[in-house]
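I have a structure here, written as structure tokens, and I will follow up with some questions on it.
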Amino acid sequence: MAKTQTVSFNLNGKAVKADVEPRELLIHTLREKLAHTGPHIGCETSHCGACTVDVDGRSLKSCTVLSVQCDGSDLLTVEGLEQGGELHAVQQAFHEAHGLQCGFCTPGMLIRAYRLLKENPNPSEEEIRYGIAGNLCRCTGYQNIVKAVKLAAERLAATA
Ligand code: FES
Ligand code: FES
């Protein structure tokens, strides 16, 4: 077995540690060592975005980054969006606008939508489509995903 090292993260607001191999991908650490199975493994080649997580305020495909590169980082996964039993506005909007079918892409889509709306609180349809271009959905045709992001933007603006 390869030598491991201990990495520390602030994961969804909680300090956690994991022993990882130098070659270990963040998605594997999250799912297999930290019991965060919200981020999905789709392609493992940085195409599909199912594994997207927020790292220090940026959307990152966790199949493309080593856990050791994220040592000391603030991580947000889909599990961290809901607060105190309340769905985040993006989760509620995806639910109401039917922004999902099978749900496989959804954890990555939600976390990307969360960051997209932080980067641009009032995106046009074109900007939403561009903003989620790294997240593939094989079910929905994207129409309702775009509607859901728009709805979330309106809700967040109303409560700002
Ligand atoms: S599993 Fe990471 S981009 Fe597809
Ligand atoms: S809802 Fe099935 S892949 Fe997006």
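Start at 1 and go down the list; that is how both ligands and their atoms are numbered.
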- Item | Pairing of E119 and R58 as salt bridge, 4.0 angstrom limit |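 So E119 does not pair with R58 through a salt bridge.
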- Query: Does one side chain, of E44 or H28, offer a donor that lies under 3.5 Å from an acceptor on the other?
  - Reply: yes
- Taking K61 for its side chain and G134 for its backbone only, find out whether a donor-acceptor pair lies under 3.5 Å.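 It does hold such a pair.
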- Confirm or rule out an N/O/S atom of C51, from backbone or side chain, lying less than 2.8 Å from atom 2 (Fe) of ligand 1.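 Given the 2.8 Å cut-off, C51 counts as a ligand of atom 2 (Fe) of ligand 1.
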- Query: Counting no waters, what protein N/O/S atoms lie under 2.8 Å from atom 2 (Fe) of ligand 2?
  - Reply: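 Per the 2.8 Å query on atom 2 (Fe) of ligand 2, atoms found are C102 SG, C139 SG.
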- Query: Just checking, is any N or O donor in the side chain of N12 or E79 under 3.5 Å from an acceptor N or O on the other one?
  - Reply: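 N12 vs E79: no donor-acceptor pair found between side chains.
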- Message: Could you check whether atom CZ of R138 has more than 12 heavy atoms from other residues, nucleotides or ligands sitting under 6.0 Å from it?
- Response: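 Count not over threshold, so no.
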- Item | Numbered atoms and elements of ligand 1 in range of H47, under 4.0 angstrom, heavy atoms |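 That gives atoms 3 (S) of ligand 1.
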- Message: If the cut-off is 4.0 Å to any non-hydrogen atom of S46, which atoms of ligand 1 fall inside it?
- Response: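 With S46 as reference, the close atoms of ligand 1 come out as 3 (S).
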- Check the pair R155, E96 against salt bridge (charged side-chain N to carboxylate O under 4.0 Å, His left out), reporting the backbone distance first and the verdict last. CA-CA 12 Å; R155 296 260 170 88; E96 289 178 31; 2.8 Å; yes
- Task: Mark up the atoms of ligand 1 that fall under 4.0 Å of a heavy atom belonging to C43, in ascending order.
- Result: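 Listed by number with element: 1 (S), 3 (S), 4 (Fe).
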- Item | Residues R112 and T52: side-chain donor-acceptor under 3.5 angstrom |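 T52 and R112 do not have a side-chain donor-acceptor pair below 3.5 Å.
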- Message: Whether the E24 and T29 side chains hold a donor-acceptor pair (N or O, under 3.5 Å, no angle test) is what I'd like checked.
- Response: yes
- Query: Can you tell me which residue and heavy atom of the protein come closest to atom 3 (S) of ligand 1, and the distance to 0.1 Å?
  - Reply: G49 N, 3.1 Å
- Query: Counting only heavy atoms, which portion of C48 has something under 4.0 Å from ligand 1: side chain, backbone, both, or neither?
  - Reply: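 Both backbone and side chain.
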- Query: Judged by atom type as modelled, is there a donor-acceptor pair below 3.5 Å linking the side chain of E154 to the main-chain atoms of L151?
  - Reply: no
- Task: Apply the test side chain to side chain donor-acceptor pair (under 3.5 Å) to residues Q143 and H98: give CA-CA distance (whole Å), side-chain angles for both, the deciding distance (0.1 Å), then the verdict.
- Result: CA-CA 10 Å; Q143 290 298 110; H98 305 291; over 6 Å; no
- Measuring to atom 4 (Fe) of ligand 1, does C63 have an N/O/S atom at a distance below 2.8 Å? no
- Task: Could you list the atoms of ligand 1 found under 4.0 angstrom from a heavy atom of E44?
- Result: 1 (S), 4 (Fe)
